[in-house]
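One structure is given here, and the rest of the page talks about it.
To find a chain, count down the sequence lines: A is the first, B the second, and so on, and within it residues start at 1. The structure presented is a predicted model; accordingly, all values stated were derived computationally and were not measured.
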There are 2 protein chains.
Amino acid sequence: MESKTAEISKAAFLRFPAYLRYLQAEAAAGVSYVSSSEIAEDMHLSAVCVRKDLALVASEPGKPRLGFAVGKLIGDLERTLGYHLKTHACVVGAGRLGRAFLVYDGFEHYGIDVVAAFDISPAQVGALHGKPIYPMERLKEIAEREEVRLGILTVPGEAAQKACDAMVEAGITSILSFAPAYVRVPAGVTLRCEDLAATLASLLAEAGKGGI
Amino acid sequence: MESKTAEISKAAFLRFPAYLRYLQAEAAAGVSYVSSSEIAEDMHLSAVCVRKDLALVASEPGKPRLGFAVGKLIGDLERTLGYHLKTHACVVGAGRLGRAFLVYDGFEHYGIDVVAAFDISPAQVGALHGKPIYPMERLKEIAEREEVRLGILTVPGEAAQKACDAMVEAGITSILSFAPAYVRVPAGVTLRCEDLAATLASLLAEAGKGGI
DNA sequence: CTCTAATCGATATTTTTTTATCGATTTACA
DNA sequence: TGTAAATCGATAAAAAAATATCGATTAGAG
């Protein structure tokens, strides 16, 4: 018997965080029920698409003429997205971007706890807002001790592959890379590359011709 | 007659930056020709998909038994992605993340020039690495003077909508938001939300069940 | 209490995207 | 120089995702 989450399409899964954000805003505005057509209009989607997506996560069906209970949906989405699962993360590369992630306090609500950063430069070693910054040599030791499964890679492009290899060696199985470089990971490790400059450029292209 | 770029599918366009990164790495390694099957294997895609994608951008066809000329492809991709077009950008919200973007020197190769940052707090106003940080009141003035079309939104969630409105008012037509909030923009403005925490969480979900 | 209007959810259709198949081409090597 | 192996590109098929259609349901107005 397949679990319910397995049936969720990739595309829909990618939209869930946006629904969640929207619903949180509605909840903050005191709205208790919201219809799929309202969501669709506000989020620039089709109402059918919204209904299909919500049907994948909603623990109780929408009520005709009313819509969906906002609070309930928020809980359903958070559970589906795994925000209740606690995970330890680390930052590799304590430059400006890395340090921004190290002290960012917005991860907690998503079950992610950034426990440390690592850097190859002794000048960066120390701590920031109570979060330790270690030399790269200690990555494996600390990551294993703290059971770190998630790594945020924020090193310069030329250092990316080496740092990534070290993360894999340290037992990290999910890597989010902001390094401007192509990096290779072995099977079993999930890598996502966030190419900030490329994202900006594609955004411009999208604006230029109205919808990628 | 439709322009050639109009035929490029959304999904393919999103893969282009990854190809570019890969090819740059190959070029740096001294490789001059690369076949679609090699690319596919390294990037965990199907060879057919790679060939179809490359056919969309390649200015000269691939050669049987050799593959594609790496240098040529790099140029083709950069042109398709619009990296030759110069655009002025600004950062709104000069916190840690915003300041990281302000001084990041990796945008240049993508035709993006971050000319200034803005912040509501007078404590942040000044300059960083020669890049000015202005008070929010001057956003419209500066953005219009510098012809800023692209904005990077890095304010706290509760300030996001107001800051976004100010950006739209200032004539900015493409916004990349890192603010953890739902923000609404009028038609004609392209908004993309990068939800870092959500990205991390989805990465974990992906790793957890092997492929989103 | 009844009727209306709006919404839901299921099924069907269309569109988009990915993958498969296959002949044509051509480089490298014997 | 001829042959073989590997690649390309085009066409076709399959899969995935978005969109349309429609009867069932129900809150709320009259």
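Residues satisfying the ring-ring contact (aromatic ring centres under 6.0 Å, His included) criterion with A:F68, sequence neighbours excluded, are absent altogether. With sequence neighbours excluded, the residues that form a side chain to side chain donor-acceptor pair (under 3.5 Å) with B:K63 are B:Y33. Qualifying ring-ring contact (aromatic ring centres under 6.0 Å, His included) partners for A:Y19, counting only residues two or more places apart in sequence or in other chains: none. Under the ring-ring contact (aromatic ring centres under 6.0 Å, His included) criterion, B:Y134 pairs with B:F118, sequence neighbours left out.
Rounded to whole Å, atom P of C:dT7 lies 11 Å from atom CD of A:E41. If you take CG of B:L45 and C1' of C:dT19, they are 12 Å apart, rounded to a whole angstrom. Remark: P of C:dT21 and CZ of B:R51 are 13 Å apart, rounded to the nearest angstrom.
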Enumerate the protein-to-nucleotides 11-13 of chain C contacts in which both atoms are nitrogen or oxygen and the separation is below 3.5 Å.
none

Which pairs would a plain distance check flag for residues 144-160 of chain A, meaning a side-chain donor or acceptor within less than 3.5 Å of a matching protein atom at least two apart in sequence or in another chain?
residue : atom : partner : partner atom : Å
A:E144  : OE2  : A:K140  : NZ           : 3.1
A:T154  : OG1  : A:V92   : O            : 3.2
A:T154  : OG1  : A:G93   : O            : 2.6

Side chains of residues 178-189 of chain B: which donor-acceptor pairs under 3.5 Å do they make with residues two or more places apart or in other chains?
residue : atom : partner : partner atom : Å
B:Y182  : OH   : A:D42   : O            : 3.0
B:R184  : NH1  : A:D42   : OD1          : 3.1

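Contacts classified as ring pair (Phe, Tyr, Trp, His ring centres under 6.0 Å) and involving residues 69-88 of chain B (residues at least two apart or in different chains) are given here: B:Y83-B:Y110. Note on residues 95-105 of chain B: pairs passing side-chain hydrogen bond (donor to acceptor under 3.5 Å, both in side chains), not counting sequence neighbours, are B:R99-B:Q124.
Looking at residues 64-71 of chain B, you'll see B:P64, B:R65, B:G67, B:F68 sit with a heavy atom under 4.0 Å from some atom of DNA chain D. Of the residues in residues 18-28 of chain B, not one places a heavy atom less than 4.0 Å from an atom of DNA chain D.
Interatomic distance, A:D119 CG to A:L139 CG, rounded to the nearest 0.5 Å: 11.5 Å.
A pairwise comparison of heavy atoms in B:L204 and A:S174 identifies CD2-OG, 4.0 Å as the closest pair. Residue A:L191 comes nearest to A:S177 through the heavy atom pair CD1-CB, 4.0 Å, listed as atom of the first residue, atom of the second, then distance.
Protein chain B contacts DNA chain D over a range whose 5' and 3' limits, counting nucleotides with an atom under 4.0 angstrom from a non-hydrogen atom, are D:dA5 to D:dG9.
Two residues, A:A12 and B:K63, neighbour DNA chain D, and the one matched to the more 5' nucleotide by heavy-atom proximity is B:K63.
For the side-chain contact (heavy atoms from CB on, under 4.5 Å) with A:C90, the qualifying choice from A:I172, A:I142, A:L102 is A:I172, the only one to do so.
Between the side chains of A:R51 and A:S37, not a single donor N or O lies within less than 3.5 Å of an accepting N or O.
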